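Report on one structure; see the data block that follows.
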Amino acid sequence: MPDFEASSFDPVLLDLRDINDYMVLVAAMSDYAAQLEHEADEDEKDARRNGEEGDRAHVVHNREWAARLNRLIDDIERQLDANSAARREAGGGS
């Protein structure tokens, strides 16, 4: 497993020119975000049903990670749109 503490997290450029690469990446991220939201919803329902508070930290963690995934998807969309616009302005097509 990588040593995340010592790693340098510089921006990464993904080659998403192939629509299938883009679709696989975004679908996987969307599915995982939906799974995290579903787990958070189920944890909250189970806790209410049992008259307990449940694991709030776990629910919050799942919702935060789902939101993070959705922000990443939005960032990918914005970057692809900006790249397309720049190519059109440069006369490179779509």
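All residue numbers refer to positions in the sequence shown, counting from 1. What you see is a predicted model, and the numbers here were worked out from it, not measured in a lab.
Identified under the salt bridge (Lys or Arg N to Asp or Glu O under 4.0 Å) test for residues 18-29, with sequence neighbours left out: none.
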Go through it in stages, so that I can follow the logic: the residues are Arg78 and Asp75, the test is salt bridge (charged side-chain N to carboxylate O under 4.0 Å, His left out), and I'd like the CA-CA distance, side-chain angles, deciding distance and then a yes or no.
CA-CA 5 Å; Arg78 272 192 297 277; Asp75 286 345; 2.3 Å; yes
Taking it one step at a time, do Arg56 and Glu44 satisfy side-chain contact (heavy atoms from CB on, under 4.5 Å)?
CA-CA 8 Å; Arg56 286 298 310 152; Glu44 287 178 332; 3.0 Å; yes
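Here Arg68 contributes atom CZ and Tyr32 contributes atom OH; the two are 12.0 Å apart, rounded to the nearest 0.5 Å. The line from CG of Asn62 to CD of Glu42 is 12.0 Å long, rounded to the nearest 0.5 Å. Note that CZ of Arg88 is 10.5 Å distant from CG of Asn83, once rounded to the nearest 0.5 Å. How far CG of Asp43 is from CZ of Arg48: 11.0 Å, rounded to the nearest 0.5 Å.
In terms of hydrophobic clustering, with Ile, Leu, Val, Met, Phe, Trp and Tyr side chains grouped at heavy-atom distances under 4.5 Å, Leu69 and Met23 are assigned to a common cluster. Put simply, Leu36 and Val60 are part of two different groups of oily side chains (I, L, V, M, F, W, Y) that touch within less than 4.5 Å, one to the next. Residues Leu72 and Leu80 share a hydrophobic cluster, clusters being chains of Ile/Leu/Val/Met/Phe/Trp/Tyr side chains in contact below 4.5 Å.
The shortest distance between side-chain heavy atoms of Arg49 and Asp46 falls below 4.5 Å.
Applying the side chain to side chain contact (heavy atoms under 4.5 Å, CB included) rule to Leu14 yields the partners Val12, Leu16, Leu25; only residues at least two apart in sequence or on another chain are considered. Considering only residues two or more places apart in sequence or on other chains, His38 meets the ring pair (Phe, Tyr, Trp, His ring centres under 6.0 Å) condition with none of them.
Taking both residues in full, the closest heavy atoms of Ala33 and Ala66 are given as O-CB, 3.6 Å, listed atom of the first, atom of the second, then distance.
Note on ring orientation: taking the six-membered ring where Trp is involved, the planes of His61 and Trp65 are tilted (angle from 30° to 60°).
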